[in-house]
Amino acid sequence: MTPDDARPRPEPGSFRDPQTRIFLAGGEVLRGLGPRAAQDWKALRDSDFFAAAQADGSVTATEEVERELPGEPGTWTATLRHAPLPFVTYPYEWSHAMLQDAAALHLDLLQRALAAGFTMKDGSAYNVQWRGAARPEFIDVGSFEPARPGEPWAGYRQFCQTLLYPLMLQAHLDLDPRPLLRAQIDGITPGQMRRMLGGTKRLAPGVLKHVHLHDSMQNRNAATSTGAVRAQLRDAGFTDELVAAAARAMAKLVAKLDWRPPATHWGDYRETCSYTDADAAAKAAFVDAALAAAPAKDLVLDLGANDGAFSRQAARAGAYVVAVEADAAVVDTLYRRLKAEGERRILPIVMDLADPSPGGGWAGVERSGFAARAAAADVTLALALVHHLAIGRNVPLPAIVDWFAGMGRHLVVEFVHPDDPMARRLLANKPDGLFPDYHVETFVRLLGERFDIARRETLPGGTRTLLAGVRRA
Amino acid sequence: MPTHLAYLDAGSGSLIVQALVAGTAGVVVAAKLYWRRLTSIFRRRTPVATTAAQRQAQPEATSTTAAADKD
């Protein structure tokens, strides 16, 4: 670690609340608290509620430390240190069940906070992160503050826009909300939702109140300040019990917004893969040997993870694995299984690797692009992936190799030969001779320019070659 | 009551919807809020005690009342 790494630098996605800011210093995650936030923290720190949320892991492990942070003197009154996350993900990378669990966690914490005399300043999906499928975690300790009597929850709109609405789109319309979430950092607006959920969909759970009424109320009260409305609500007898009742009602609604992925998806993969048992065994042994040879496995990316078989293999080898898969239904099923198993070393996410998450928000850096996050990986697994990118999406082989070189130092990659049934199926949709360079020797040569190839093995079936390499310098 | 320092614009309409989400007791609060808004128009007009004809004759007073009504 260089001294530059150790100097705290502001995390670009944490500027919205001026009273608190995240700084990264080496491997540490620090949080600066302004004078007011420091007061709130003192109250929170001493509460039974916070102790319980720390003990059960629902709020990121946090301790107070003595550290200087950048900023004008007096900006930061106190500094906290959070347990670092193995890999940061965003709501547009989560499956439906993940989004549902994130929403449930948020509301559960809100209810527990309210019961203890606290509230939350916001209601954003981005406040939730994961340590494996079994551990969603609320990371924004700066969100808790002592509740003021008769005050509604300030985070309700944000909760709707980043959690409730995406769940509704998937549950009520079977519409993938990820493109909208990815495009709009503040989430989907009531106005957008209203246009999508007209007709009889108005009667679907939660739609009339949270969407239609919400949009009307926003339009009608656009000229009234939130301060005025807060005062009017207080005068009309709004109480803390009503905030709690609203949180309970939303929690019930979230639990109802189920989405079952089409049954046909799961199981297709193993069958459609052109593996024989001998191929499968040889492949597993190759991956095991390659993983054993990698000295660090703090972060393994399993690109094109499908049902997560190789993610599991890597996790057994001691890795923390991010299983990246484009099919949201497959990820959802995998997530549910891993969660049921209590898996904390594998996190499945939804992403099309030919169109990975870009940077987003302010200056394009408030949310980090996938490439920037993937650069921290120790090992990249790319099994049965290259042909999908090269043939399916026309990505040139040199570009694929460059892309690999930007990720884990160790790479385990499978090259499916053009005469393999899977490759033939993809090639059948493209004109003959479109990919003259798609050949194992071309790929090995290109890979050799960026990686020292440590192992090479062609599976017994003869149509798939596995390669393990270590990136040069 | 301390000055409100929430960094997030909670949305005026969103705050009222929250009452409605809370169930019957919340609906009562929202109804009361709207009733008070409605009656406040008359409450504020009572001391002025002007007729429509008088207001037409006093354009300045009309604009003042309208501004107050907007809240």
Side-chain angles (χ1 to χ4, degrees), chain A residues 16-20 36-37 119 121-124 142 145 148-161 190 206 209-210 213-239 241-250 253, chain B residues 1-52 54-71:
Chain A
R16 296 232 191 174
D17 180 358
Q19 275 290 307
T20 167
R36 165 131 192 157
T119 187
K121 287 182 191 172
D122 39 28
S124 167
E145 61 177 352
R148 286 170 291 268
E151 228 4 89
W153 180 32
Y156 168 70
R157 177 164 70 171
Q158 209 177 28
F159 181 84
C160 284
Q161 296 197 169
K209 272 185 201 167
H210 295 282
L213 205 59
H214 197 165
D215 187 45
S216 304
M217 288 282 188
Q218 276 202 341
N219 296 337
R220 284 173 196 204
N221 290 277
T224 315
S225 75
T226 51
V229 169
R230 280 192 168 96
Q232 288 169 6
L233 277 169
R234 230 178 350 256
D235 291 347
F238 195 87
T239 59
E241 285 73 41
L242 290 181
V243 188
R248 270 199 306 278
M250 284 187 275
L253 175 60
Chain B
M1 186 57 54
T3 324
H4 203 276
L5 287 174
Y7 78 94
L8 196 69
D9 177 2
S12 302
S14 308
L15 292 175
I16 302 173
V17 177
Q18 213 180 123
L20 298 168
V21 171
T24 321
V27 173
V28 172
V29 168
K32 209 162 157 187
L33 179 145
Y34 272 97
W35 176 249
R36 281 169 174 242
R37 276 188 185 179
L38 195 71
T39 54
S40 75
I41 298 170
F42 301 109
R43 278 206 302 275
R44 278 173 203 184
R45 276 179 188 172
T46 316
V48 180
T50 48
T51 63
Q54 279 173 319
R55 262 183 276 146
Q56 268 177 354
Q58 293 173 309
E60 273 177 29
T62 312
S63 64
T64 316
T65 315
D69 283 352
K70 271 193 179 165
D71 216 12

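Quick caveat: nothing in here was measured; it's all calculated off a predicted structure. Below, chains carry the letters A, B, ... as their sequence lines are ordered, and counting in each starts from 1.
There is no contact between A:Glu241 and chain B, counting heavy-atom distances below 4.5 Å. For A:Arg16, the parts lying under 4.5 angstrom from a heavy atom of chain B are both the backbone and the side chain.
If you tally non-hydrogen atom pairs under 4.5 Å between each of A:Arg157, A:Lys209, A:Arg220, A:Arg248 and chain B, the highest count goes to A:Arg157. Note on A:Cys160, A:Pro190, A:Ala247, A:Ala236: by heavy-atom pairs under 4.5 Å with chain B, the leading option is A:Ala236. Counting heavy-atom pairs closer than 4.5 Å to chain A, the top residue among B:Ala10, B:Gly23, B:Ser14 is B:Ser14.
Of all heavy-atom pairs between A:Thr20 and A:Gly142, the closest is CG2-CA, 4.4 Å.
The closest donor-acceptor contact from the side chain of A:Gln158 to the backbone of A:Asp122 lies at 3.5 Å or more, if one exists at all.
Note that CG of A:Asn221 is 8.0 Å distant from CG of B:Leu33, once rounded to the nearest 0.5 Å.
Using cut-offs of 30° and 60° on the angle between ring planes, the pair A:His214 and A:Tyr156 is parallel.
Considering B:Lys32, B:Arg37, B:Arg36 in turn, B:Arg37 is the only one that fulfils the side chain to side chain contact (heavy atoms under 4.5 Å, CB included) rule with A:Gln232.
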